[in-house]
Asker: 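One structure coming up, written as structure tokens, with questions to follow.
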Protein chains: 2
Amino acid sequence: MAETKPRTRDADATKARILAAAKSEFARLGLGGARVDEIAEKAQANKRMIYHYFGSKEDLFQVVLEEAYLDIRSAEQDLELDHLPPREALETLVRFTWQYYLDNPEFITLVNSANLHRGRHLEGSDRLRTASRRFVNMVRAILDRGVESGVFRVGVDPVQLNITIAAIGYYYLTNRYTGGILFERDFMTQPALKERLAFNIDTVMRLVLA
Amino acid sequence: MAETKPRTRDADATKARILAAAKSEFARLGLGGARVDEIAEKAQANKRMIYHYFGSKEDLFQVVLEEAYLDIRSAEQDLELDHLPPREALETLVRFTWQYYLDNPEFITLVNSANLHRGRHLEGSDRLRTASRRFVNMVRAILDRGVESGVFRVGVDPVQLNITIAAIGYYYLTNRYTGGILFERDFMTQPALKERLAFNIDTVMRLVLA
DNA sequence: CTTAAAAGTAACTAACTGGTGCGTTACCAG
DNA sequence: CTGGTAACGCACCAGTTAGTTACTTTTAAG
């Protein structure tokens, strides 16, 4: 209602601060581990405001989660992959997915938390369902164009491919701590990250190339 | 000290019941979400016993986690993959990893919880480091044999390959709830599971074959 | 200026939660 | 039989925690 003038009282700004703080806390400690008081303090708001705007801790988590998903889906659309040749489009998607996880580490922990709770907090979101459908269609279109021009082989399921593209980046990053201990290497050095990305691009290319 | 005679008081059995209950609860709700009282009740033990045997909630989590990792590493060794031709050995590993995740769903959530806490609970475990080293060597040996016999290409890093084999199964299963909503399909039907396993075997084979 | 609605705050509560003090009971060596 | 010890259990903290109540302050319309 009012973003034109700076106000000492600004509902939208307060909401936004609460959401940002909640995102950070939920990502850091999970839904169960995050504390409402801590979120309120970090947001420079009062706990009462959280309940006023979002109803409950779980509802707040739900909003945070939906926003996080809509954000990555929106960023994917911005790539305009249908303007690129199939090979470049797919490689761009792999690079983007990897970089998005790196730039937005909260995303991964939020998704983990959502799945620990059996996806319960995402069930109602039609906005997300629509965005996801468009995303799958985008990848399907890339695959189709690649098959048509002879660079991709026939019969690759876009959903399975999507899952794999996410998986090979996501797993590496979410399990970097235990992975670092098990494999006795630092997963997060620049060379290690670069090597992993190259490996992942190679994996996806070998999977789809004719 | 006494496993020969059945006792009304059996420290080992009590410990084992506590560990089993803890594994189940930690897997279900995470380290933060699990309740010590609930674990005690499920174990048909007293909360006091948990602190007597394990010291603290975090120490208990640490033991549960280490046991879970040692269990999968031990099962991998039982496969005796060095007795199989390289191709079969690798495919067996991919199938085994997938089936292990399916049969032991707690493993995945425990690992997620461990990583949410930055791997802190695994840091001290030399037993696990040793087991992991042996595991990597096993995969390296398979790759080397495959290269030697000409079926595998040169230069595939066994650690990257391991991570990818785990990733493509792990991600699918850990994110099956949000995935089911996003992609509008049930990830856990028999046909869906079969299709995913086939896709994963294909992915790995295309990655290593000469 | 007035006023009502919206924004914001602090103090509180009822239910938990990890952890412990302390007493009891079964087991086994001698 | 008996005394010491390990196994066990009750009842209770002290500190949290999600959620609420009752209240004040700011905003903006008329």
Asker: Rounded off to whole Å, could you give me the CD1-to-C1' distance for the A:Ile50 and C:dT9 pair?
Answerer: 13 Å
Asker: Could you state the atom-to-atom distance from CD of B:Glu41 to C1' of C:dT17 in whole Å?
Answerer: 15 Å
Asker: Among side-chain atoms of A:Gln44 and A:Arg17, is any donor-acceptor pair under 3.5 angstrom?
Answerer: no
Asker: Hey, does the side chain of B:Tyr53 come within less than 4.0 Å of D:dA6's phosphate (OP1/OP2), counting only N and O?
Answerer: no
Asker: Tell me: CZ of B:Phe26 to C1' of C:dG18, nearest whole Å?
Answerer: 11 Å
Asker: Whole Å only: how far is the CZ atom of A:Phe54 from the P atom of D:dA18?
Answerer: 16 Å
Asker: Kindly say if A:Thr14 contacts the phosphate of C:dG8, meaning a side-chain N or O under 4.0 Å from OP1 or OP2.
Answerer: yes
Asker: Rounded to the nearest angstrom, tell me the gap between atom CE in A:Met49 and atom P in D:dT25.
Answerer: 15 Å
Asker: Among side-chain atoms of A:Thr178 and B:Arg118, is any donor-acceptor pair under 3.5 angstrom?
Answerer: no
Asker: For B:Leu31, does its backbone N or O pair with a side-chain atom of B:Lys57 as donor and acceptor, under 3.5 Å?
Answerer: yes
Asker: Roughly, in whole Å, what's the span from NZ in A:Lys15 to P in C:dG8?
Answerer: 11 Å
Asker: Return the orientation label for the B:Phe187 and B:Tyr172 ring planes: parallel under 30°, perpendicular over 60°, tilted otherwise.
Answerer: parallel
Asker: In this structure, how many angstroms lie between the P atom of D:dA7 and the CZ atom of B:Arg17, rounded?
Answerer: 13 Å
Asker: Restricting to side chain to side chain donor-acceptor pair (under 3.5 Å), what partner residues turn up for B:Arg95, sequence neighbours left out?
Answerer: B:Glu91
Asker: CD of A:Gln44 versus P of C:dG8: gap in Å, rounded?
Answerer: 12 Å
Asker: Relative to each other, are the rings of B:His121 and B:His117 parallel, tilted or perpendicular (30° and 60° limits)?
Answerer: perpendicular
Asker: Shorter than 3.5 Å, N or O on both sides, protein versus nucleotides 19-23 of chain C: list them out with atom names.
Answerer:
from, atom 1, to, atom 2, distance (Å)
C:dG19, OP2, B:Tyr51, OH, 2.8
C:dG19, OP2, B:Lys57, N, 3.0
C:dG19, N7, B:Lys47, NZ, 2.7
C:dG19, O6, B:Lys47, NZ, 2.5
C:dG21, O6, B:Arg48, NE, 2.9

Asker: According to the interplanar angle, ranging from 0 to 90°, do the rings of A:Tyr170 and B:Tyr171 count as parallel (below 30°), tilted (30 to 60°) or perpendicular (above 60°)?
Answerer: perpendicular
Asker: Checking all strands, does A:Ala40 fall into the base, sugar-phosphate, or nothing category for heavy-atom contacts under 4.0 angstrom?
Answerer: nothing
Asker: Within the structure, does a side-chain N or O atom of B:His52 lie under 4.0 Å from either OP1 or OP2 of D:dA6?
Answerer: no
